Protein chains: 2
Amino acid sequence: MSRPTIAAVARAAGVSVASVSRVLNGLPATEEMAKRVQRAVAELGYVPDSRARSLKVGRTFQLTLAVADVGNPVYVTMMRAVEEVVSAAGYRLVVTTTGPDVVDEVALVRGMARGYADGLVISPLRVDDDLIKSIQECDVPVVVAGNVPAKAGVDTVRANSPKGILLAVEHLLTTHRHKVAFINGPVDTVPGTARAKGFTDAMKANSLQPVAQVEAEDFTFAAGRKAGGELLDHSTDLDAVIAANDLLAVGVMHELAARGLRVPDDVAVIGMDDSELAEQTFPPLTSVNLGSAERGRRAAELLLARIEDDTRTPRRIVVQPSLSVRRSS
Amino acid sequence: MSRPTIAAVARAAGVSVASVSRVLNGLPATEEMAKRVQRAVAELGYVPDSRARSLKVGRTFQLTLAVADVGNPVYVTMMRAVEEVVSAAGYRLVVTTTGPDVVDEVALVRGMARGYADGLVISPLRVDDDLIKSIQECDVPVVVAGNVPAKAGVDTVRANSPKGILLAVEHLLTTHRHKVAFINGPVDTVPGTARAKGFTDAMKANSLQPVAQVEAEDFTFAAGRKAGGELLDHSTDLDAVIAANDLLAVGVMHELAARGLRVPDDVAVIGMDDSELAEQTFPPLTSVNLGSAERGRRAAELLLARIEDDTRTPRRIVVQPSLSVRRSS
DNA sequence: ATGAAAGCGCTAACAG
DNA sequence: CTGTTAGCGCTTTCAT
C-alpha cells in the first residue's frame, strides 16, 4: 500500500490539489478550507514528497557537510557548529564521509551537483585541480573549510596553523623547552603542508633547531603512536613534541608512556585542534585551538549567504588560533 | 546559468531524450548512438538530476543513519560499519543527528517519510509510542539499532548490556574488587534502563552489595566527571567503578585523578562500548565491547534485506558482548 | 534500435 | 479565495 499523494488528500477533502498545497504552505485560505484539508491530511497520514517538491521549487532545504573522517574529533566540533547555524536557518544538515582520497572528494562534489542538497561545506584533506574544477562547476554553492588557492574564486574559511604552531613553540620556550620534535601528518595533504611549513618557520623565528620531524601515515591515533615510536627510536634527547593534531598527539603520549617517559615532566606534548579529546585524555592535552567551531560557523554562514546571493564575490576568511594550555606542557 | 538537462544533451547530440536516458542507464544502443550521447554529455558537463530520477524510479539510492550525538565515539564505530555495508551495496550513506529528545527523533522519522532516502537506521536514545508509531508508519524501511518492544514488529539489532555488565562484574571479582559503584546515564533512556537493571542483576548474581549508583545527566564526558564528583563526595570506600559508557568512564577517571586517586591501583574503572576512546585514554580503559561494529553491520544488512523484500517478517538480532581488558582494571 | 509521449508528486501561474 | 493546468527533469511504455 503506497503512500497517499496530494491528489488523494484533495479527493478526501473534496477540494483541489492546489488548495491542499496552499494550506500546507500557509498561503491564504478560508478557515473552512484549512479545516477540511488538515483533517484529510491527518486521516490519511499524508506526508509531502520532498523530491517532487524540490523538483518543482528547485530547493531541497538540505545542506551537506563532507568530512574526511568521522573518527577525527575535530570534525565533531565543526559539525556541531555548522549544524547550529544551518538548522537555525531552516535547513536540515546531513554529514557524509569522503575518505582520504581526492578522487572520492571529486566524486562527491560532482554527485552533489544535482538534487541532493542546496549547498555543501567540504573540508578536504587533499586538493588538486580536479577538485577545484568540480567545485567551480558545481551548480550548488560549495564553501571549503580549508585552504584552496585564491584564484580558484571559491568561498573558503581556513585556519592559520603556522601562527598556531608559532604559539606552541613560543609557549614551549616560555617553559624552557628547547629540544622540540614535530610529528606531522602526511605532507601531501592540505593541513600537512601548512603545518610542515609552519613548524619550520616557527622554529627559525625563534632560532631553534628541530630535534626531528617525522611524518605519520595519516592523522589518526594509531599513526601517531607508530610515528612516535620512530621518533623515539632515533631521537632520545628531546623535551617536547608538537603534533599536527590531537589524535597524533595522544598517540605519541602513549608511546612515550610505553617507554617510561613522563608527560609533561620528561617530555611536553602539544596537540593541535583543541578537540574534545584534548580534555578527555590524561594528562589533559595542551592544544592549539585552530578555531574549528568558529570555522564551522563561518563556513555555514558563508554558504547560507551564497545560497541567498550567488553573485557576491567569493570571500576568504581566516580565523586566528589561540593556545589552550593544559597539563601536558 | 543553469545546468544542462537531459533535453539539452539530446539536442546537442541530435537524438531523443529517451535515447540519452538509455545510454546513460546502460541499455542497448548502437555504438554510434552511445558515442554521440557520451560526447554531448562530456561537452555540456551534464549531470542527471537525482530528484527527478528518483521521483520517477522511486528510489534515491541514499540511506540515512540517525544517531543522537556525533560526539559519542561509539557512534563512529557504528557509522564506519554501516558505511561499509551500504556502500558495498551501491548506496550512499548520510548521517544526521537527532539530539537527545524523542520529539526530534519522531520528527526525523516522519520527515524521512518521503523522498529523502530509501531507508533509515536509527539508534534512538529514548523511545516512546509516538516513535514506534512513526517508525511503523514510515513508508521507507527503518531498522532500529537499539531496543524496542517485540510487539512493535520492527527490525532491530541490539546489544546485550546486562550480559556485558555481568562480564565486567565478574572480571572485577577475579581481580578481587568487591566495592563497586555504578555510574549510569539518564535512566529514562533505553540504554540507561537496560544498564541499571543489568548492574543490579549482576551484583545480585554475585552476592555483591553496590557501593553506590549515580545517574549522570547525559552520556557525555562532562556529565561523567560531574557524576564522578558526586559519587566520590559520598562514597570514599570503593575500589571499582563501572560506567555506562566510555565517555562517562573517562569523566570519572579525571575526577579520580583530581582527588589523587590512582587508576587502577586505588580504583579500577571499566567503561562500556569499547570505543576508540577506550584505547586512547590513559591508562587505556577496560571496556565492555557491546559489538557496535557488528550491530552497525547487521543493522545495515537488515535494512538492505528489507528494502529488497518488504514482506519478510521482522527480525530481532541481539549481539553478544565481550570484555576488552586494558590497564584501567 | 530509436522516438514520441505519458506521468512520477508537487507548486505556481492563470482564470474565474 | 479557489480550481485548472502546465510543467520541474527524468524514465519507460508504446509505437515505429
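Just so it is clear, the structure is predicted and the values come from calculations on it, not from any experiment. In the text below, chain A, chain B and the rest are named by the order of the sequence lines, each starting its count at 1.
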Does Arg158(B) have any salt bridge (Lys or Arg N to Asp or Glu O under 4.0 Å) partners at least two apart in sequence or in another chain, and if so, which? none
With salt bridge (charged side-chain N to carboxylate O under 4.0 Å, His left out) as the rule and sequence neighbours excluded, what pairs involving residues 53-82 of chain A come up? Asp69(A)-Arg80(B), Arg80(A)-Glu276(A), Arg80(A)-Asp69(B)
Spacing between Tyr116(A) atom OH and dC10(D) atom P, to the nearest angstrom: 13 Å
If you round to the nearest 0.5 Å, how far is CZ of Arg36(B) from OG of Ser19(B)? 10.0 Å
Contact letters for nucleotides 10-16 of chain C, in which S counts primed atoms plus P, OP1 and OP2 and B counts the base, heavy atoms under 4.0 Å: BBBB---
So what is the end-to-end bend of the helix from dA1(C)-dT16(D) to dG16(C)-dC1(D), with 5 pairs used at each end and the value given to 10 degrees? 40°
In this structure, how many angstroms lie between the P atom of dC8(D) and the CG atom of Leu55(B), rounded? 13 Å
Check side-chain contact (heavy atoms from CB on, under 4.5 Å) between Thr96(A) and all other residues, then give those that pass, not counting sequence neighbours. Thr64(A), Ala66(A), Leu108(A), Val94(B)
Grab the two heavy atoms, one from Arg316(B) and one from Val154(B), that are nearest each other, plus how far apart they are. CG-O, 4.4 Å
Euclidean distance, Arg306(B) CZ relative to Asp155(B) CG, rounded to 0.5 Å: 4.0 Å
Could you tell me the separation between the CZ atom of Arg51(A) and the C1' atom of dC8(C), rounded to a whole number of Å? 8 Å
Quick one, which residues of residues 30-42 of chain B touch DNA chain D with a heavy atom under 4.0 Å? none
Taking atom CZ of Arg22(B) and atom CE of Met33(B), what is their separation to the nearest 0.5 Å? 8.0 Å
